[in-house]
Amino acid sequence: MKKYIYLGIGLITTLHIQAQSIDEALKISQDNTIGTARFRSMSGAFGALGGDLSAINVNPAGSTVFNNNQVGVTLSSSSNRNKTNYFNSLNESTQTNLRFNQLGGVFVFKDDSESNPWKKIALGINYETTNRHNNYALVAGTNPNNSMANYFVQAANGIPLNVIRELGVNEDLSDVYRYLGTEYGHNEQIGFLGVNGNIIKPINDNDNNTDYFSNAGSNNFYQEKETVSSGFTSKTSFNFAAEFKKVASFGINLNHHYTEYYRTFNYFERGSSSQADRLSTLSYENTLLTLGNGFSFQLGTIIKLKDLRLGLTYDSPVWHRFTDEQTEGVSTTVNGSNGRVDIYPNITNFYLPYKLRSPGKSTFSMAYIFGKKGLISVDYGIKCYTQTRYSPTNEFTNVNLGFENAMQLASDFRIGAEYRIKNVSLRGGYRYQESPYKKEFTNMGDLKGYSAGIGYVYGPYRFDLAYSYSKRKYQETMFDKGLLDTYKTDHILQNISFTVIFDL
């Protein structure tokens, strides 16, 4: 390999080429039904109801339904269970986490004078975790045909051998890896790991060679993919709403979004070939930290017609700005060799900042109030996922075309009910969320969930407890190229939430 000259020694490199996908966009931008315990127990069907701190995040006009100043905080325990199927090999894993996910308050100003048609003004601020990324999943099974080495082959094909050839005597692993990322891209780094880890071999051993083949055997590869993720996506809403003649309410939210998503893929493969110099085992670790901020706004209205309430909300697209940090390394053994090859460059790849515009949403809501006995509420939302876009657009042409071709206009249906017995409230709800993918794509299925809860009012205090359950099926590939064999996942999310509300 040719010599490299550096101006200094560092442990970082900046890459221009992004590796984002449709699936990644959905994971870091989709909201979940979290919020207060009352909100969660009714599956989030609050678009025409208001009167709840999390309801403000559905319809900003809902803050005028409050009669008093109010603050609240929510503690939630979430359990993620994943059942995977890879070549008929079944695995199940569970992860549970506990954290405060909601904190907010509303301040109400009333004017009962006959001369002023604006009877109420409300100001609110509410912080919520809209999605938790804490998850653990294990995929394991025997692939009869394809090796993980094909991922490295696919990345290296087209790259001259003199660029990614084995290290020379005086060349430093970290320096060369960093140079390849800075001057070329991530495919060159993957090819470099593959050649130096005995994972792939060149067709012709000359500097101009651009074709490579797998150094693994031909069939029966035991494979594992362990995915460990953590972090959260949150939204802080600054709310203003006003009530006109006690009939119509109008509101606006200005929202700040924050994302912290840490994901580690641990891959392992053991081949069945006993041929000398062939790849025996392969371990590949890839970690990614995504940090981001975003902005959106919401406009909403609620119309009161005696006991019937109608709601309409428009959620703008969310304009995100993200940065990614990535590290990786491989460890291999070869038949006939007692040693293990470890290639961990100890380099962090910093990708240039990029933007993601997630789609807007329109929600139509209706609720009926049975006096002081109870209520029933329905929300129906539509979101056009084809409008999702990464930018700069010239670097994401293919994935943006994927949004147009694979995504669809998807609906979200929620229904919730509450029945009151003196100071006790009994609640329940159901939620259905259509897959953002068209039917011919099976990456993500529809979500179905239900919820239940109970509330108790004691003077100026309210205590709410909720349980929710949801299930969604996924079909994903082991890698994004080279090894595209799929595995199926049944993802089950269970949550228990407890909220304390104080009237001020």
Side-chain angles (χ1 to χ4, degrees), residues 31-40 42 44-74 100-111 116-131 233-258 293-304 309-319 358 360-365 367 377 379 381 414 416 462 464 499-504:
D31 290 346
N32 209 336
T33 305
I34 303 182
T36 65
R38 183 178 182 227
F39 180 85
R40 191 151 199 159
M42 294 173 59
F46 271 83
L49 284 177
D52 184 272
L53 291 169
S54 292
I56 298 173
N57 285 3
V58 177
N59 188 336
S63 58
T64 62
V65 179
F66 287 91
N67 290 317
N68 303 299
N69 300 336
Q70 192 175 99
V71 296
V73 61
T74 302
F100 288 97
N101 69 278
Q102 180 273 327
L103 175 65
V106 170
F107 302 91
V108 182
F109 305 91
K110 301 178 182 179
D111 187 349
N116 187 1
W118 297 96
K119 298 303 181 182
K120 191 185 296 184
I121 292 176
L123 300 175
I125 181 171
N126 190 52
Y127 167 87
E128 285 193 4
T129 302
T130 57
N131 203 353
T233 300
S234 67
K235 180 170 74 172
T236 303
S237 298
F238 300 90
N239 170 262
F240 172 79
E243 183 185 66
F244 183 75
K245 291 186 177 181
K246 297 184 179 181
V247 175
S249 296
F250 307 92
I252 182 173
N253 284 345
L254 301 178
N255 306 313
H256 173 261
H257 302 256
Y258 177 77
N293 289 278
F295 170 79
S296 70
F297 66 88
Q298 295 167 283
L299 303 173
T301 184
I302 294 177
I303 307 297
K304 299 178 182 178
R309 294 182 183 178
L310 303 176
L312 177 63
T313 309
Y314 169 72
D315 291 51
S316 77
V318 182
W319 293 275
S358 58
K361 181 181 181 181
S362 297
T363 303
F364 307 89
S365 308
S377 179
D379 285 3
R414 306 170 190 232
R462 193 178 79 206
D464 296 317
T499 300
V500 180
I501 301 291
F502 307 87
D503 286 338
L504 300 179

Side chains of [X] and [Y], heavy atoms from C-beta outward: is any pair under 4.5 Å?
X      : Y      : answer
Phe66  : Phe107 : no
Lys119 : Glu243 : yes
Phe364 : Leu312 : yes
Lys361 : Thr313 : no
Val108 : Lys120 : yes
Met42  : Leu49  : yes
Ile121 : Phe240 : yes
Leu53  : Ile501 : yes

Heavy atoms only: give me the nearest [X]-[Y] pair and the separation to one decimal.
X      : Y      : answer
Ala61  : Ser249 : CB-O, 3.6 Å
Ala241 : Pro60  : CB-O, 3.5 Å
Ser377 : Ala45  : OG-O, 2.8 Å
Gln298 : Val58  : NE2-O, 4.1 Å
Ile303 : Ala248 : CD1-CB, 3.6 Å
Pro317 : Ser296 : O-CB, 3.6 Å

Supply the atom-to-atom distance [X] [atom1] to [Y] [atom2], rounded to the nearest 0.5 angstrom.
X      : Y      : atom1 : atom2 : result
Glu128 : Asn101 : CD    : CG    : 7.0 Å
Thr64  : Phe109 : OG1   : CZ    : 14.0 Å
Ile125 : Ser63  : CD1   : OG    : 13.0 Å
Thr130 : Asn57  : OG1   : CG    : 9.0 Å
Asp315 : Ser362 : CG    : OG    : 8.0 Å
Asp111 : Trp118 : CG    : CH2   : 12.5 Å

Item to check | Full working for side chain to side chain contact (heavy atoms under 4.5 Å, CB included) between Lys235 and Val318 | outcome: CA-CA 11 Å; Lys235 180 170 74 172; Val318 182; over 6 Å; no
Next on the checklist: A quick test of your reading: do over 12 heavy atoms of other residues, nucleotides or ligands sit less than 6.0 Å from NZ of Lys246?
Outcome noted: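 Not more than 12 within 6.0 Å, no.
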Checklist entry - Do other residues, nucleotides or ligands put more than 12 heavy atoms under 6.0 Å from the CZ atom of Phe100? => result no
Next on the checklist: Among residues at least two apart in sequence or on other chains, which ones pass side-chain contact (heavy atoms from CB on, under 4.5 Å) with Asp52?
Outcome noted: Thr36, Arg38, Phe39, Phe46, Ser54, Ala55, Arg462
Checklist entry - With a 3.5 Å cut-off and no angle check, do the side chains of Ser237 and Asn126 form a donor-acceptor pair? => result no
Checklist entry - When you check the side-chain N and O atoms of Thr363 and Asp379, is any donor under 3.5 Å from an acceptor? => result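 Result is no, nothing qualifies.
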Checklist entry - Who pairs with Asn131 by side chain to side chain donor-acceptor pair (under 3.5 Å), at least two apart in sequence or on another chain? => result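 Partners of Asn131 by the side chain to side chain donor-acceptor pair (under 3.5 Å) criterion come out as none, since no residue qualifies.
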Item to check | side chain to side chain donor-acceptor pair (under 3.5 Å) involving Tyr127 - partner list, sequence neighbours excluded | outcome: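 None.
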Keeping [X] on the side-chain end and [Y] on the backbone end, is there a donor-acceptor pair under 3.5 Å?
X      : Y      : value
Asn253 : Asn255 : no
Asn68  : Leu504 : no
Thr74  : Thr499 : no

